[in-house]
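Here the structure is a predicted model, which means the values were calculated and not measured. Each chain gets a letter, A, B and so on, in the order its sequence line appears, and its residues count up from 1.
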There are 2 protein chains.
Amino acid sequence: MSPRSSLAEAARTRSAILARGVAVASVEGLAGLTIGRLAADLGMSKSGLLGPFGSKESLQLQVVEAAADIFWREVWEPVADRPPGLARLAAVCGSWVGYLARPAFPGGCFFVAAASEYDDRPGPVRDLVLGYADRWHRELRDQARRAVADGDLPAGTDPEQLVFELTGLTLALHQALRLRHDPHAVPRACQGMARLLGVPVHAAA
Amino acid sequence: MSPRSSLAEAARTRSAILARGVAVASVEGLAGLTIGRLAADLGMSKSGLLGPFGSKESLQLQVVEAAADIFWREVWEPVADRPPGLARLAAVCGSWVGYLARPAFPGGCFFVAAASEYDDRPGPVRDLVLGYADRWHRELRDQARRAVADGDLPAGTDPEQLVFELTGLTLALHQALRLRHDPHAVPRACQGMARLLGVPVHAAA
DNA sequence: CACTATAGCGAACGAACGTTCGGACGCTAT
DNA sequence: ATAGCGTCCGAACGTTCGTTCGCTATAGTG
C-alpha cells in the first residue's frame with residue numbers, strides 16, 4: 001500500500017478496478033457486482049473505489065466497455081490480417097471458439113452472461129450491451145456477404161441466416177463448457193461451423 | 001384478501017408465491033429475486049412469504065422446480081403422443097420454438113437465464129438446474145438415436161452433435177428475441193432446425 | 001519553498017437485504 | 001363451547017447495499 005501516486009497512478013488504479021470488475025462480473029453477473037466486494041478484493045475503501053466513477057451504473061458501463069475491448073483484442077485482432085470474406089470468417093470462428101474455451105474471463109464470456117442478464121432490463125446497460133452485440137453481428141454479416149459475393153459460399157446463401165446459426169453454435173458451446181463441462185464441446189462447435197462454411201474451422205490456441 | 005384460510009388455502013398461497021417467483025426470476029434473475037420484492041408484489045409480509053419455505057435458497061430451489069413443471073407441460077406434453085423418433089423430435093422442436101416465442105415467462109425462458117446465471121456458481125441451485133438440463137438433453141438425444149435407428153436420419157448421424165446444434169438454435173432464438181427483438185428470429189430457427197432434421201419444423205401456437 | 005490540486009481513506013447515512021420471534025386470528029375437532 | 005393448530009402479520013435483529021462528506025497525504029507548479 002504505497003500511495004506515492006500521481007495522475008498516472010490514478011489511471012492504473014482505474015484499470016485495475018475495471019479488470020477486476022470484468023472478472024467478477026463474468027461470474028457473479030453485472031448486477032451482482034458490488035462496490036464493497038470489489039473494494040475488498042483490491043484492498044481499497046468503498047469510497048476510494050467509487051471515486052473515479054461516481055456511481056455504480058457508471059462503473060457498470062465502463063466495465064462493459066472494458067470487456068468489449070478485451071473481446072475485440074482476443075477475437076478480432078488476431079485474424080484482422082486475413083483476407084476479407086470466407087477466409088476471415090472461418091478464422092474468426094476459430095478465434096471465437098478459442099476465446100470461449102480458454103476462457104478469457106473466469107466466468108466464461110462476459111457478453112453471453114450480460115446479454116442474458118440484461119435482455120429484459122431496460123436502461124443504459126442494456127443499450128450498451130445491445131450496441132456491442134449489434135456491432136459484432138454486423139461485422140460477421142459483412143464477412144458472410146463478401147464470401148457469398150466472392151462465390152466462396154453457395155449462391156443464395158442468406159448471410160443473416162448464417163450468422164444466426166454461427167451465433168447459436170457459440171452459445172451452445174458456452175453452455176456446454178460452463179454448465180455441462182462437456183469435454184467434446186469444442187470439436188462439436190467446430191464441426192457445426194465447418195459444415196455451415198464448407199471449410200474446416202480450427203479452434204485457436 | 002380474505003384470510004378465511006385452511007390447510008388448502010396454504011397450498012394455494014404457496015402456488016401463488018412460486019408462480020410469481022418464476023415470473024420475476026425470469027426477468028430479474030434467480031439471485032435478484034428478493035423476499036421483500038416478492039412479498040410486496042403479492043401483498044404479503046416478508047415473514048409470511050418465507051414461512052412455507054424456511055430460507056431463500058429453499059425458495060429458489062422450489063422456483064426452479066416450478067419452472068421445470070411449466071417447461072415440461074408447455075413443450076413436452078403437447079407432443080408426447082407423437083410417434084417416437086424423427087416425428088416426435090421435429091414436433092418437439094416446433095413446440096420448443098413456440099414456447100420461446102410466446103413467451104411462457106415474461107423474461108423469456110427461465111432456464112436459459114438460470115443456466116447462464118448459475119453456470120459458475122457452485123451450490124444446490126446450480127446442481128438442480130444442471131439436473132434438469134441433463135434430463136432434457138438426454139430426452140432429445142434418445143429421440144435422435146431412435147430416428148437414426150429407424151433410418152429417418154442419415155446413417156452415421158451423431159445424435160449428440162445433432163442435439164448440440166438444435167440447442168444452439170434455441171439459444172440463438174432466445175437471444176435474437178429477447179435482446180435484439182429480431183422479427184425474423186422464429187423463421188430462422190425453424191429453417192435451421194429443418195435443415196438439421198431434413199423435415200419441416202413449424203413453430204407451435 | 002509555499003501553494004494548489006487530487007487520490008484515496010474512514011466514518012456515516014438511509015434503505016434494503018435475509019432471518020427470527022411472539023402474537024393475533026380463523027379454522028377444525030373434541 | 002373451547003382447546004388446539006396452523007397461517008400469516010408486525011416488529012425487530014444484524015448485515016450489506018450505494019452514496020456522501022470531510023480529511024490526510026502526496027505530487028506537481030510557481
Trainee: All N/O contacts under 3.5 Å from nucleotides 15-17 of chain C to the protein, with atom names and distances to one decimal?
Mentor:
unit_1	atom_1	unit_2	atom_2	d
C/dC17	OP1	B/T34	OG1	2.9

Trainee: Which whole-number value in Å describes the distance from A/R14 CZ to C/dT6 P?
Mentor: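 About 17 Å, once rounded to whole Å.
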
Trainee: Whole angstroms only, please: what is the CD-C1' distance between A/E28 and D/dT16?
Mentor: 15 Å

Trainee: With rounding to the nearest 0.5 Å, note down the distance linking CG in A/L179 to NE2 in B/H137.
Mentor: 11.5 Å

Trainee: What pairs meet the side-chain hydrogen bond (donor to acceptor under 3.5 Å, both in side chains) rule with one or both residues in residues 187-200 of chain A, with sequence neighbours excluded?
Mentor: A/R188-B/D158, A/R195-B/E165

Trainee: Starting at atom CZ of B/R12, determine the distance to atom P of D/dG6, rounded to an integer number of angstrom.
Mentor: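 Roughly 19 Å, once rounded to whole Å.
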
Trainee: Between the protein and nucleotides 21-24 of chain D, which nitrogen or oxygen pairs come in under 3.5 angstrom?
Mentor:
none

Trainee: Can you tell me how far apart SG (A/C93) and CG (A/L197) are? Round to the nearest 0.5 Å.
Mentor: 5.0 Å

Trainee: Rounded to the nearest 0.5 Å, what separation is found between the CH2 atom of B/W72 and the OH atom of B/Y132?
Mentor: 10.5 Å

Trainee: Going by side-chain hydrogen bond (donor to acceptor under 3.5 Å, both in side chains), name the pairs with one or both residues in residues 105-115 of chain A, residues two or more places apart or in two chains.
Mentor: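 Every pair satisfying side-chain hydrogen bond (donor to acceptor under 3.5 Å, both in side chains) with a residue in residues 105-115 of chain A: there are none.
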
Trainee: Atom CG of B/L38 to atom C1' of D/dC9: distance rounded to whole Å?
Mentor: 16 Å

Trainee: Give the table of side-chain donor-acceptor pairs shorter than 3.5 Å for residues 39-52 of chain B, with sequence neighbours excluded, one pair per line with atom names and distance.
Mentor:
unit_1	atom_1	unit_2	atom_2	d
B/D41	OD1	B/R37	NE	3.4
B/D41	OD2	B/R20	NE	3.2
B/D41	OD2	B/R20	NH2	3.1
B/D41	OD2	B/R37	NE	3.1
B/S45	OG	B/S47	OG	3.4
B/S45	OG	B/G48	N	3.1

Trainee: In chain order, what residues pass the salt bridge (Lys or Arg N to Asp or Glu O under 4.0 Å) check against B/D134, with sequence neighbours excluded?
Mentor: A/R180

Trainee: Rounded to whole Å, please give me the gap between CZ in B/F53 and C1' in C/dG18.
Mentor: 15 Å

Trainee: Please find out if less than 6.0 Å separates the ring center of A/F71 from that of A/W76.
Mentor: no

Trainee: Within the structure shown, what part of the strands sits under 4.0 Å from A/L50 by heavy-atom distance: base, sugar-phosphate, or nothing?
Mentor: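 Since a base atom lies under 4.0 Å of A/L50, the category is base.
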
